[in-house]
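Down below is the structure, laid out as structure tokens.
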Amino acid sequence: MGNMATEIVAFILTISGWILVSSTLPTDYWKVSSVDGTVITTATFWSNLWKTCVTDSTGVSNCKDFPSMLALDAYIQVCRGLMIASVCLGFFGAIFALVGMKCTKIGGAETTKARLTVLSGIHFILSGLCCISACSIYAHRITTDFFDPLFVAQKFELGAALFIGWAGSVLCILGGLVFCLSLSEGFSLRAEYSYRGSASFVTTRNKHIKTANSPHKEPGQPTRQFGRNAYV
């Protein structure tokens with residue numbers, strides 16, 4: 001029952017992390033910059049993996065999609081690929097988790113369910129690593145441009161989407177590690193089965209050897225007993 005509760009907690013962690021990772025992909029504020037006036041902020045510039053926008057003081061936003069994928073910077077293309085891979089890995093990890101958890105009635109034998117649970121944990125760990133890599137690459141580019149004294153274009157700061165992605169990645173990795181702990185149980189079940197099988201084989205073999213070595217007694221033949229001082 002304790003192991004089942006642990007799997008439920010791991011499932012909640014991983015699904016929560018996957019939802020955060022999935023929500024990071026279309027989130028607007030990956031990087032943010034503002035132009036301040038004397039009293040209020042006159043304009044706010046923000047960008048994500050798909051478009052760049054500006055919002056004025058009245059709340060009206062004007063956005064422009066990136067014109068061509070081939071014309072994009074390499075780091076944006078890499079972040080796109082990593083984020084899409086992260087969402088897909090988390091989706092398949094959730095399916096494997098639902099099949100392999102002990103609280104579900106599908107999945108087959110205990111060893112099979114344990115292996116599916118471990119496979120789910122691996123998927124979630126890879127999903128978290130892909131997302132944390134994408135957010136880190138994007139943040140590294142922002143900080144590099146921000147602290148570069150020779151960079152004369154508009155400088156941006158880290159947006160809220162990056163922090164959401166990092167939080168979701170940590171949840172996915174932690175839940176995936178908990179799922180992978182069921183690997184030890186799967187090996188213990190195999191070891192127990194192998195031990196019982198080998199023990200039964202040895203017992204049967206000893207019985208055959210004992211039967212073969214026992215003297216054959218003819219029916220009606222008297223039993224000869226000798227004392228300690230008897231002479232042959």
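This one's a predicted model, so the numbers in the text were calculated from it and none came from an experiment.
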For this session: Begin with the C-alpha distance, continue with both residues' side-chain angles, and end with the deciding distance and a verdict on side chain to side chain contact (heavy atoms under 4.5 Å, CB included) for L20 and L171.
Result: CA-CA 9 Å; L20 291 177; L171 291 178; 3.9 Å; yes
Exercise. Once you round to the nearest 0.5 Å, how far does NZ of K155 lie from NZ of K31?
Worked result: 13.5 Å
Exercise. Does a side chain donor of either K102 or T117 reach within less than 3.5 Å of an acceptor in the other side chain?
Worked result: no
Problem set entry | Between CZ on residue F96 and NE2 on residue H123, distance to nearest 0.5 Å | 5.0 Å
Problem set entry | Whether T144 side chain and H140 backbone form a donor-acceptor pair below 3.5 Å | yes
Exercise. Can the ring centroids of W18 and F124 be said to lie less than 6.0 angstrom from one another?
Worked result: no
Exercise. What pair of heavy atoms forms the shortest contact from L25 to W30, and how long is it?
Worked result: O-NE1, 4.2 Å
Exercise. Are the side chains of R141 and D73 in touch, meaning some heavy atoms are under 4.5 Å apart?
Worked result: yes
Seminar exercise, completed: In this structure, CG of L174 is separated from CD1 of I125 (nearest 0.5 Å) by 9.5 Å
Problem set entry | Y75-L72 co-clustered via ILVMFWY side chain contacts under 4.5 Å | yes
Exercise. Under 4.5 Å between side-chain heavy atoms, hopping through other hydrophobics if needed: is there a path connecting L13 to V170?
Worked result: no
Exercise. Would you say K51 and W46 make side-chain contact, with heavy atoms under 4.5 Å?
Worked result: yes
Problem set entry | T52 and D65, any side-chain heavy atoms less than 4.5 Å apart | no
Exercise. If you draw a 6.0 Å radius around CZ in F91, do more than 12 non-hydrogen atoms from other residues or ligands fall strictly inside?
Worked result: no
Exercise. From S120 OG over to I95 CD1, what is the distance, rounded to the nearest 0.5 angstrom?
Worked result: 10.0 Å
For this session: Is it possible for you to say whether V178 and V9 belong to one hydrophobic cluster, with membership spreading through side-chain heavy-atom contacts below 4.5 Å?
Result: no
Seminar exercise, completed: For W166 and S136 the tightest heavy-atom approach is NE1-OG, 3.5 Å
Exercise. Is there a side-chain contact between M101 and L116, using heavy atoms and a 4.5 Å cut-off?
Worked result: no
Problem set entry | Pair F156 + F45: ring centers closer than 6.0 Å | no
Exercise. Can Y29 and V32 be said to form a side chain to side chain contact (heavy atoms under 4.5 Å, CB included), step by step?
Worked result: CA-CA 6 Å; Y29 298 99; V32 183; 3.6 Å; yes
Problem set entry | Among S127, S133, S169, side-chain hydrogen bond (donor to acceptor under 3.5 Å, both in side chains) partner for S86 | S127
Problem set entry | Check: N62 and C53 side chains under 4.5 Å, non-hydrogen atoms | no
Exercise. Can you check side chain to side chain contact (heavy atoms under 4.5 Å, CB included) on F66 and L49, steps first, answer last?
Worked result: CA-CA 9 Å; F66 293 134; L49 298 178; 5.7 Å; no
Exercise. Cluster question for you: counting only ILVMFWY and a side-chain heavy-atom cut-off of under 4.5 Å, with indirect links fine, are L98 and I15 together?
Worked result: yes
Exercise. Does the pair C172/C131 show an SG-SG distance of less than 2.5 angstrom?
Worked result: no
Problem set entry | Q77 atom CD: more than 12 heavy-atom contacts under 6.0 Å | yes
Exercise. Heavy atoms, side chains only, cut-off 4.5 Å: are V99 and T104 in contact?
Worked result: no
Problem set entry | M83 and T24, any side-chain heavy atoms less than 4.5 Å apart | yes
Problem set entry | Cluster check I142, L82: I/L/V/M/F/W/Y, side chain < 4.5 angstrom | yes
For this session: Provide the closest heavy-atom pair for F179 versus T14 in the form atom of the first, atom of the second, distance.
Result: CE1-OG1, 3.8 Å
Exercise. So how far is it from M4 CE to C103 SG, rounded to the nearest 0.5 Å?
Worked result: 6.0 Å
Problem set entry | Rounded distance [0.5 Å steps], CD1 in I173 versus CG in L126 | 9.5 Å
Problem set entry | Stepwise side chain to side chain contact (heavy atoms under 4.5 Å, CB included) check, T55 with V60 | CA-CA 5 Å; T55 304; V60 178; over 6 Å; no
